[in-house]
Student: 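Okay, handing you the structure first.
Below, each value reflects all heavy atoms present in this structure, side chains not excepted, and no hydrogens, waters or symmetry copies.
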Amino acid sequence: MVEELQRCVTSLGLSQYQRHIFLCADATEPKCASRDAGLEAWEFLKKRLKEVGLSGPQPLVLRTKAGCLRVCCQGPIAVVYPEGVWYHSCNVVVLERIIQEHLLRGGIVEAYAFAQRPQTRAE
């Protein structure tokens, strides 16, 4: 089992990534955005992360499609870790800003950020 897990770690580049973005994109019963809007955002996110070199064999950003992130308004909703920044209204235009400003440059897109994990002194 350990060898199988190690193969996954290597093939996914889990020891390389710097950030992880979760996107609410495929809820069984969508409340914050239509299913179509969520899936359009998800397809865009996958494509753009690859185009800008943030995903692939040596990823810098992992992505996860979540059915629901429990913030059921102004979606699609995204959260970026390790910073713990939550974003609303994540259509393709907003996701492009998140990719350019947060995932590539490390800045927060203040116009769409609505919550953030408090920073500790060690950070």
Side-chain angles (χ1 to χ4, degrees):
M1 184 188 296
V2 173
E3 290 177 18
E4 181 181 12
L5 284 172
Q6 191 55 50
R7 281 194 298 278
C8 287
V9 167
T10 302
S11 70
L12 295 173
L14 296 181
S15 61
Q16 314 254 339
Y17 80 95
Q18 297 171 354
R19 292 191 172 87
H20 195 153
I21 183 168
F22 294 80
L23 180 66
C24 179
D26 196 10
T28 305
E29 296 179 31
K31 295 178 183 171
C32 68
S34 72
R35 188 165 189 266
D36 288 344
L39 292 175
E40 177 185 22
W42 176 248
E43 291 304 317
F44 176 81
L45 180 64
K46 289 192 315 185
K47 178 184 77 147
R48 285 299 288 149
L49 289 178
K50 199 173 281 188
E51 288 173 353
V52 299
L54 292 176
S55 68
Q58 295 184 352
L60 295 175
V61 175
L62 292 179
R63 58 177 166 69
T64 297
K65 177 172 58 171
C68 179
L69 291 172
R70 300 185 65 194
V71 179
C72 297
C73 62
Q74 296 185 28
I77 299 295
V79 59
V80 177
Y81 288 105
E83 296 90 343
V85 177
W86 292 76
Y87 292 105
H88 67 83
S89 306
C90 292
N91 59 31
V92 297
V93 173
V94 174
L95 284 171
E96 182 64 28
R97 286 194 60 190
I98 293 168
I99 290 166
Q100 294 299 321
E101 297 174 33
H102 191 147
L103 300 180
L104 286 169
R105 292 191 205 90
I108 295 171
V109 184
E110 297 292 344
Y112 297 95
F114 66 91
Q116 182 176 359
R117 180 181 62 84
Q119 302 300 310
T120 63
R121 289 180 194 224
E123 295 175 308

Student: About how many Å separate CD of Glu83 and CD of Gln18, when rounded to the nearest 0.5 Å?
Tutor: 10.0 Å

Student: Should Val71 and Val79 count as side-chain neighbours, where that means a heavy-atom distance under 4.5 Å?
Tutor: no

Student: Where is the tightest heavy-atom contact between Pro82 and Arg117, given as atom of each residue plus distance?
Tutor: O-NH2, 2.8 Å

Student: State yes or no: do Leu104 and Ile108 share one hydrophobic cluster built from I, L, V, M, F, W and Y residues joined by side-chain heavy-atom distances below 4.5 Å, directly or via other members?
Tutor: yes

Student: So Tyr17 and His20, would you call those rings parallel, tilted or perpendicular, with 30° and 60° as cut-offs?
Tutor: perpendicular

Student: Find out if a path of hydrophobic residues (ILVMFWY) with successive side-chain heavy-atom gaps under 4.5 Å connects Leu60 to Val80.
Tutor: yes

Student: Any chain of hydrophobic side-chain contacts (each under 4.5 Å) joining Val9 to Val61?
Tutor: no

Student: Does Ile77 share a hydrophobic cluster with Leu103, counting links as ILVMFWY side-chain heavy atoms below 4.5 Å and allowing steps through other members?
Tutor: no

Student: Answer yes if Phe44 and Tyr87 sit in the same cluster of Ile, Leu, Val, Met, Phe, Trp and Tyr residues linked by side chain heavy atoms under 4.5 Å apart, and no otherwise.
Tutor: yes

Student: Supply the atom-to-atom distance Ser11 OG to Gln6 CD, rounded to the nearest 0.5 angstrom.
Tutor: 10.0 Å

Student: How far apart are the closest heavy atoms of Cys73 and Cys32, and which atoms are they?
Tutor: N-CB, 3.4 Å

Student: Could you please spell out the steps behind the side chain to side chain contact (heavy atoms under 4.5 Å, CB included) verdict for Ile98 and Ile21?
Tutor: CA-CA 10 Å; Ile98 293 168; Ile21 183 168; 4.3 Å; yes

Student: I need the minimum non-hydrogen distance between Leu23 and Leu69, along with the two atoms involved.
Tutor: C-CD1, 4.3 Å

Student: Please report the interatomic distance CZ(Arg105) to CD1(Ile99), rounded to the nearest 0.5 Å.
Tutor: 11.5 Å

Student: Can you tell me if NZ on Lys46 sees more than 12 non-hydrogen neighbours from other groups inside 6.0 Å?
Tutor: yes

Student: Using a strict 4.0 Å threshold on nitrogen-to-oxygen distance, state whether Glu4 and Arg7 make a salt bridge.
Tutor: no

Student: To the nearest 0.5 Å, what is the distance between CG (Leu95) and CH2 (Trp42)?
Tutor: 10.5 Å

Student: Working to the nearest 0.5 Å, report the span between CZ of Arg48 and CD of Gln100.
Tutor: 6.0 Å

Student: Give me the ring orientation class for Phe114 and His88: parallel if the planes are under 30° apart, tilted from 30 to 60°, perpendicular past 60°.
Tutor: tilted

Student: Minimum heavy-atom separation for Cys24 to Pro76, with atom names?
Tutor: O-CB, 3.4 Å

Student: Closer than 3.5 angstrom, by distance alone: can the side chain of Tyr112 be matched with the main-chain N or O of Val94 as a donor-acceptor pair?
Tutor: no

Student: Starting at CG of Asn91, measure out to CD of Glu96 and round the result to the nearest 0.5 Å.
Tutor: 11.0 Å

